[in-house]
Amino acid sequence: MYTWLTKNILFVHLILLTAAAGWIHGGTRSDLLYPVLPWLTILVLECLLLFPQAKEDETLVESRERVWHALLRDPLTWVSLLLIIVLVIPLFNSSAAPIFDAKTGKWSVALPPYPYLPFCNVVTLHASTLLWFCPTLVAVLAAKHGLLKKSKRMLFEAICWIGVSLSLLGFAQLASGTKALLWLKPLNVYFFSTFGYTNLAGAYFTMMAALSFGLWMQHLGEKNQMILFPTIEHAEEMSVLSANRMLLAFIVNVAGAVASVSRAAILFCSVLMMVLVLYGFCFVWRRVTKPMKWLFSASVLGVFVTAIALIISFPVKNIQHEAEGISTSAVLERVTGVGGQNSRVAMEILVKYPIFGVGGRHYALYRPLFWKGDYAKTLDCPCANAHNDIYQFMAEYGIVGFGLMVGILAVLVGSIIYAVLRMMFAQRLAISMTIRDKGSAPFFRIPPPAMVVLVATVILIAHAYGDVVMRTPAILLVWLLALTSVSGWFPVFKKAK
């Protein structure tokens with residue numbers, strides 16, 4: 001019998017996987033992730049293959065056949081599988097870590113058993129990176145092929161509320177005055193929510209704020225019949241509270257981004273707010289009645305006032321200090337790597353090991369070989385990471401591994417851009433006839449969630465050029481699942497006969 005649980009078991013497990021990655025120390029403690037994430041990933045994969053969501057005119061067996069065929073035809077499946085293979089091979093092709101010979105003053109680097117294959121030196125370090133990529137890739141394929149459009153939209157919203165729960169947790173910890181993460185793990189540095197590193201928290205909640213804003217615009221647009229491709233039946237009958245529920249999520253996630261006391265988060269959240277508010281005004285202003293204009297203006301003002309009030313209510317030290325440290329020169333220096341050795345070292349590692357890199361999380365092991373100065377003779381150099389995820393991924397995974405990662409992102413973003421262009425310029429789409437004619441230019445055919453997820457992608461990649469923000473499944477899952485789930489707002493394009 002095709003029960004509710006059978007139909008939604010994949011959806012439930014995707015939410016559990018995303019929530020677990022965020023709640024378990026922000027996805028940064030591999031020792032705590034090992035007992036949880038692999039099993040949830042296996043369950044998601046099992047649900048995808050055995051219990052995908054069936055359409056109204058399908059049986060469970062027919063839905064399985066449809067999903068299996070779709071997986072085999074999808075290039076994303078094969079690129080993801082190839083990346084996982086490239087990541088698994090080093091587990092069986094390892095060698096000793098670099099050793100410094102004090103007599104000769106040189107480093108000795110042992111060759112792996114198969115020098116022309118991907119390798120690593122410390123298996124446990126490299127294996128922990130599988131916790132970043134395997135759950136994310138399986139979840140993306142499951143959401144893309146195993147969920148129907150309505151469930152993709154629900155997953156997008158559920159992700160936003162996961163962010164709200166973590167933001168509220170962070171404020172609860174601030175209010176309690178605890179110096180222990182989750183009231184369990186004492187830390188000597190400032191932390192927010194489950195993230196021990198403030199820039200990770202900042203990137204996470206900035207992403208959540210963007211997604212929440214897009215969903216708020218979508219709901220508001222559907223209620224006021226501004227959406228060219230509506231997805232909610234009788235949306236005009238929605239209550240004001242229901243249509244604006246994501247405004248609360250937006251406010252709380254923005255407050256979380258600021259409360260993370262991350263300089264980059266403050267900068268990017270400010271840029272995000274300016275872009276999104278401008279987009280919101282363009283989206284709403286010419287397409288609604290005067291009372292709705294006042295409502296939207298009051299809502300935007302309320303976002304700023306409430307966010308400031310939250311920060312004042314829960315005093316956070318050093319926010320002003322971090323904000324004052326933002327300057328054009330500082331941003332350019334951090335993004336380009338000029339003035340520091342970490343980015344240069346990462347590029348030199350890539351030049352030395354261009355094909356497959358040196359292995360996941362191995363930048364710290366090879367950094368002393370290329371470091372200039374007093375630290376060149378010890379593995380205990382400052383900075384375990386290059387603080388530039390793009391360069392560090394290239395150094396650790398080489399042209400092949402990094403190229404596959406870029407290929408996965410290109411497939412996801414490319415599919416969104418392709419669908420958006422068709423929605424903008426196709427002339428024979430079944431556009432709702434009840435909408436207003438004002439503001440129906442091609443730009444406004446783009447669903448707000450699609451617009452904000454592309455903006456959030458640009459901001460996250462820019463942030464990655466200056467810090468460590470992609471080295472956790474918490475952010476990777478939210479980001480790539482959002483890119484996948486946004487297709488729930490795209491219309492079905494019928495093939496030309």
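Quick note: residue numbers are just sequence positions, from 1.
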Side chain to side chain, Leu33 and Pro473, heavy atoms closer than 4.5 Å: yes
Quiz: residues 157-172 side-chain donor-acceptor pairs under 3.5 angstrom, not counting sequence neighbours:
residue: Glu157; atom: OE1; partner: Arg245; partner atom: NH2; Å: 3.1
residue: Glu157; atom: OE2; partner: Trp161; partner atom: NE1; Å: 3.3
residue: Glu157; atom: OE2; partner: Arg245; partner atom: NE; Å: 2.8
residue: Ser165; atom: OG; partner: Ile162; partner atom: O; Å: 2.6
residue: Ser167; atom: OG; partner: Val252; partner atom: O; Å: 2.9

pair Ile84-Phe133: side-chain heavy atoms closer than 4.5 Å: no
Tyr465 and Asp389: side chain donor to acceptor below 3.5 Å: no
Side chain Thr77, main chain Leu71, donor-acceptor under 3.5 Å: yes
Pairs where residues 450-466 contributes a residue and the test salt bridge (Lys or Arg N to Asp or Glu O under 4.0 Å) is met, not counting sequence neighbours: none
Exercise answer: donor-acceptor pairs, residues 34-44 side-chain atoms, under 3.5 Å, sequence neighbours excluded:
residue: Tyr34; atom: OH; partner: Ser128; partner atom: N; Å: 3.3
residue: Thr41; atom: OG1; partner: Leu37; partner atom: O; Å: 2.7

Straight-line distance of Thr194 OG1 to Leu181 CG, nearest 0.5 Å: 6.5 Å
Heavy-atom closest pair, residues Gln173 and Ser193: NE2-O, 2.9 Å
Output side-chain donor-acceptor pairs under 3.5 Å for residues 137-151, partner residues at least two apart or in another chain, one line each.
residue: Lys144; atom: NZ; partner: Asp74; partner atom: OD1; Å: 3.3
residue: Lys144; atom: NZ; partner: Asp74; partner atom: OD2; Å: 2.9
residue: His145; atom: NE2; partner: Asp74; partner atom: OD2; Å: 2.7
residue: Lys149; atom: NZ; partner: Ser487; partner atom: O; Å: 2.9
residue: Lys149; atom: NZ; partner: Phe490; partner atom: O; Å: 3.0
residue: Ser151; atom: OG; partner: Gln53; partner atom: OE1; Å: 2.8
residue: Ser151; atom: OG; partner: Gln53; partner atom: NE2; Å: 2.8

Gap separating the CG atom of Leu409 from the CG atom of Leu76, nearest 0.5 angstrom: 10.5 Å
Exam field: side chain His362 to backbone Gly360, donor-acceptor pair closer than 3.5 Å: yes
From OG (Ser30) to CG (Leu130), nearest 0.5 Å: 11.0 Å
Heavy-atom side-chain contact between His387 and Gln392 under 4.5 Å: no
For Lys152, salt bridge (charged side-chain N to carboxylate O under 4.0 Å, His left out) partners two or more places apart: none
Phe119 and Tyr366 aromatic ring geometry - parallel, tilted or perpendicular at 30°/60° bounds: perpendicular
Any side-chain heavy-atom pair of Asn121 and Ser94 under 4.5 Å: no
Heavy-atom closest contact (Ala474 atom, Ala21 atom, distance): CB-O, 3.5 Å
Set of residues satisfying side chain to side chain contact (heavy atoms under 4.5 Å, CB included) with respect to Pro118, sequence neighbours excluded: Val86, Ile89, Pro90, Phe356
Ser485 versus Leu155, closest heavy-atom pair with distance: OG-CD2, 3.4 Å
Backbone N/O of Leu87 and side chain of His126: donor-acceptor pair under 3.5 Å: yes
Separation of Arg361 CZ from Leu125 CG (nearest 0.5 Å): 5.0 Å
Polar side-chain atom of Glu396 near backbone of Tyr363 as donor-acceptor pair, under 3.5 Å: yes
Tyr204/Trp479 under side-chain contact (heavy atoms from CB on, under 4.5 Å): CA gap, chis, key distance, verdict: CA-CA 9 Å; Tyr204 185 85; Trp479 178 30; over 6 Å; no
Pairwise side-chain contact, Lys179 with Pro186, heavy-atom cut-off 4.5 Å (strictly under): no
Side chain Ser242, main chain Ser239, donor-acceptor under 3.5 Å: no
Results of salt bridge (charged side-chain N to carboxylate O under 4.0 Å, His left out) for Arg153 - residues two or more places apart only: none
Chi angles and distances behind the side-chain contact (heavy atoms from CB on, under 4.5 Å) call for Met470, His463: CA-CA 9 Å; Met470 293 185 180; His463 194 171; over 6 Å; no
Partner residues of Ala482 under the side chain to side chain contact (heavy atoms under 4.5 Å, CB included) criterion, sequence neighbours left out: Phe156, Leu211, Val453
N/O donor-acceptor pair under 3.5 Å between Asn388 side chain and Tyr391 backbone: yes
Minimum heavy-atom distance between Leu200 and Val469, given as atom pair plus value: CD2-CA, 3.7 Å
Parallel, tilted or perpendicular, as decided by the 30° and 60° cut-offs, for the rings of Trp216 and Phe213: perpendicular
Residue pair Ala346 / Ala386: nearest heavy atoms and the distance that separates them: CB-CB, 4.3 Å
Summary of side chain to side chain donor-acceptor pair (under 3.5 Å) pairs that have at least one residue in residues 249-259, sequence neighbours excluded: Ser212-Asn253
Intermediate values then yes/no, side-chain contact (heavy atoms from CB on, under 4.5 Å), Tyr397 and Val358: CA-CA 7 Å; Tyr397 302 106; Val358 295; over 6 Å; no
Side-chain H-bond candidate by donor/acceptor type, Asp467 with Tyr197, under 3.5 Å: yes
Derivation of the side-chain contact (heavy atoms from CB on, under 4.5 Å) call for Lys185 and Arg29: CA-CA 11 Å; Lys185 175 70 174 178; Arg29 289 279 303 275; 4.1 Å; yes
Spatial distance of atom CD1 (Ile349) from atom CG (Leu369) [nearest 0.5 Å]: 8.0 Å
Qualifying residues under side chain to side chain contact (heavy atoms under 4.5 Å, CB included), relative to Val79, sequence neighbours excluded: Leu404, Ile408
Donor-acceptor pair, side chain of Arg471 and main chain of Asn385, under 3.5 angstrom: no
Spacing of CG belonging to Leu91 relative to OG1 belonging to Thr124, to within rounding of 0.5 Å: 10.0 Å
Any pair counted as side chain to side chain donor-acceptor pair (under 3.5 Å), so long as it reaches residues 129-139, sequence neighbours left out: none
Nearest heavy-atom neighbours spanning Ala257 and Ser260: O-OG, 2.5 Å
Ile417: side chain to side chain contact (heavy atoms under 4.5 Å, CB included) partners, not counting sequence neighbours: Val413, Leu421
